[in-house]
Undergrad: 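Next up is a structure, given as structure tokens.
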Amino acid sequence: MTATPHRSTPHRARLIATDLDGTLLCRGGTVSDRTAAALVAAERAGLRVVFVTGRPPRWMAQLSGHIGGHGVAICSNGGAVVDVHRGELLESFPLAVEQALAVVGLLRDRLPGTAFAFEFPGGFAREPEYDLVMWESDKEHPVAPAEELITEGRVDGLFKLLAKHPALAPDLFLTLAREAAGHLVEITRSSPVSLLEISAAGVTKASTLARWCTAQGIDRSEVVAFGDMPNDLEMLAWAGDSYAVANAHPDVLAAVARHTVSNEDDGVAAVIETLF
């Protein structure tokens, strides 16, 4: 059965908060003509659009033309707030050195074979065993054991610690990692492969979006949010109105009452078009 968007929301929308990959963007990370037009129309109607993504800041430049006049994106699952137009880091919520070392130690001990990588203001770094896939860098970057990268200050301001496993299924890897280190940090996932995304305790898409909205005088009841993966769950629960795209992870579809069509069918645009 094809999901269809609700035709109205119970609160007046002032802000659209949307995930990118798998939600707003089509396959290959592109913005369809319909979605681009819906974003422009929303801004002209007085709604603000904020991209809230697991992507690191360095992966946002190609989307600057779609982000609206304010230029703000929340990246790295809430770890960084960026002015995409100016390429400027506005705010960040990094993991402490002690946190990062403790998590690396626990996951390496409990889940042998785990390899680590790092997203930080200076770019990207990884362990030799960490294969480069998806949004990781193919440019020159530091490669060394995780403990060395952390203790030598080569990943200062760490937005997000990445952990990858060669054999465990993605959801099982997430469950086991949370059992091992979830008391220290936030652990989630958004990739189809066994790749975990780790942020400082209390730092999620929802926490940073809530902070930004408070500064703008926007109440959560005025926010319409969109997502597809476990890293969106906190944001979708926080927002006044939330939608899961039809292609979302089963946990997201189960947690969110409102569904729209898939990202390939312009699910976000289909809802935005009903808001004004």
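We use all heavy atoms of the structure for the numbers below, so side chains are in, but hydrogens, waters and symmetry mates are not. All values reported here derive from a predicted model rather than from experimental measurement.
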Undergrad: Can you tell whether the side chains of R108 and E147 come within less than 4.0 Å, N to carboxylate O?
TA: yes
Undergrad: Taking the side chain as everything from C-beta on, heavy atoms only, tell me whether T30 gets closer than 4.5 Å to L25.
TA: no
Undergrad: For residues A270 and V261, report the shortest heavy-atom separation together with the two atoms involved.
TA: CB-CG2, 4.5 Å
Undergrad: By the definition side-chain hydrogen bond (donor to acceptor under 3.5 Å, both in side chains), identify the one residue from S191, S190, S76 that meets it with E197.
TA: S190
Undergrad: Quick one, V50 with I16, criterion side-chain contact (heavy atoms from CB on, under 4.5 Å). Give me CA distance, side-chain angles, the key distance, then yes/no.
TA: CA-CA 6 Å; V50 175; I16 296 161; over 6 Å; no
Undergrad: Are the side chain of E222 and the backbone N or O of D219 linked by a donor-acceptor pair below 3.5 Å?
TA: yes
Undergrad: Give the minimum heavy-atom separation between L149 and A144, together with the two atoms involved.
TA: CD1-O, 3.4 Å
Undergrad: At what distance, to the nearest 0.5 angstrom, does CG of L172 lie from NE2 of H165?
TA: 9.0 Å
Undergrad: How far apart are the closest heavy atoms of G227 and L236, and which atoms are they?
TA: N-CD2, 3.7 Å
Undergrad: Over 60° means perpendicular and under 30° means parallel, so tell me whether H141 and F124 are parallel, tilted or perpendicular.
TA: perpendicular
Undergrad: L20 versus W59: any side-chain heavy-atom pair under 4.5 Å?
TA: no
Undergrad: Do you see a donor-acceptor pair shorter than 3.5 Å between the side chains of D171 and H249?
TA: yes
Undergrad: Nearest 0.5 Å, what's the CE-NE2 distance between M60 and H85?
TA: 10.5 Å
Undergrad: Among R189, R178, K164, exactly one meets side-chain contact (heavy atoms from CB on, under 4.5 Å) together with L196. Which residue is that?
TA: R189
Undergrad: If the test is side-chain hydrogen bond (donor to acceptor under 3.5 Å, both in side chains), which one of N77, T188, T204, T53 qualifies with N231?
TA: N77
Undergrad: Between K160 and E186, does any side-chain N to carboxylate O distance fall below 4.0 Å?
TA: no
Undergrad: Measure across L15 and C213 and return the closest heavy-atom pair with its distance rounded to 0.1 Å.
TA: CD2-SG, 3.3 Å
Undergrad: Do I187 and L168 sit in one hydrophobic cluster, given that two such residues count as connected whenever their side-chain heavy atoms are within less than 4.5 Å of each other, even indirectly?
TA: yes
Undergrad: Following the transitive rule for hydrophobic clusters with a side-chain heavy-atom cut-off under 4.5 Å over Ile, Leu, Val, Met, Phe, Trp and Tyr, establish whether W212 and L89 coincide in one cluster.
TA: no
Undergrad: Would you call S242 and R258 a side-chain contact if the rule is heavy atoms closer than 4.5 Å?
TA: no
Undergrad: Any donor-acceptor pair under 3.5 Å linking the side chain of D109 with the backbone of G105?
TA: no
Undergrad: To the closest 0.5 Å, what do you measure between CZ (F120) and CG (L158)?
TA: 8.5 Å
Undergrad: Transitively linked via ILVMFWY side-chain contacts under 4.5 Å: I218 with V81?
TA: yes
Undergrad: When you look at F226 and Y243, which way does the ring pair (Phe, Tyr, Trp, His ring centres under 6.0 Å) test go after all the steps?
TA: CA-CA 5 Å; F226 300 86; Y243 290 82; 5.4 Å; yes
Undergrad: Taking the side chain as everything from C-beta on, heavy atoms only, tell me whether C75 gets closer than 4.5 Å to F159.
TA: no
Undergrad: Run D266 and T35 through side chain to side chain donor-acceptor pair (under 3.5 Å) and show every step you take.
TA: CA-CA 6 Å; D266 299 308; T35 294; 3.1 Å; yes
Undergrad: Tell me, do H183 and L106 make a side-chain contact under 4.5 Å, heavy atoms counted?
TA: yes
Undergrad: Less than 4.0 Å between a side-chain N and a carboxylate O, is that true for E148 and R154?
TA: yes
Undergrad: Linking I/L/V/M/F/W/Y whenever any side-chain heavy atoms sit under 4.5 Å apart, do V72 and V223 land together?
TA: yes
Undergrad: To check you understand the geometry: which heavy-atom pair defines the closest contact between T208 and V203, and what is its length?
TA: OG1-CG1, 4.4 Å
Undergrad: Working to the nearest 0.5 angstrom, can you tell me the gap between L101 CG and I150 CD1?
TA: 4.5 Å
Undergrad: Taking the side chain as every heavy atom from C-beta outward, state whether L107 and L176 have any pair of such atoms under 4.5 Å apart.
TA: no
Undergrad: Between R110 and E179, does at least one N-O distance fall below 4.0 Å, as a salt bridge requires?
TA: no
Undergrad: Test V268 against T260 for side-chain contact (heavy atoms from CB on, under 4.5 Å), laying out the working first.
TA: CA-CA 7 Å; V268 175; T260 183; 5.7 Å; no
Undergrad: Any chance you could measure E129, atom CD, to F116, atom CZ, to the nearest 0.5 Å?
TA: 10.5 Å
Undergrad: Hey, what do you get for CD1 (I74) to CZ (R55), rounding to the nearest 0.5 Å?
TA: 15.5 Å
Undergrad: Would you indicate whether the side-chain heavy atoms of L162 and I198 approach each other to under 4.5 Å?
TA: no
Undergrad: Is there a continuous path of hydrophobic side-chain contacts, each under 4.5 Å between heavy atoms, that joins V103 to V155?
TA: yes
Undergrad: Could you go through the side-chain contact (heavy atoms from CB on, under 4.5 Å) check for L161 and V104 one step at a time?
TA: CA-CA 9 Å; L161 173 64; V104 166; 4.1 Å; yes
Undergrad: Which pair of heavy atoms, one from N247 and one from G22, lies closest together, and at what distance?
TA: ND2-O, 2.9 Å
Undergrad: Between Q216 and R14, does any side-chain donor sit less than 3.5 Å from a side-chain acceptor?
TA: no
Undergrad: Is any side-chain heavy atom of L24 closer than 4.5 Å to one of D19?
TA: no
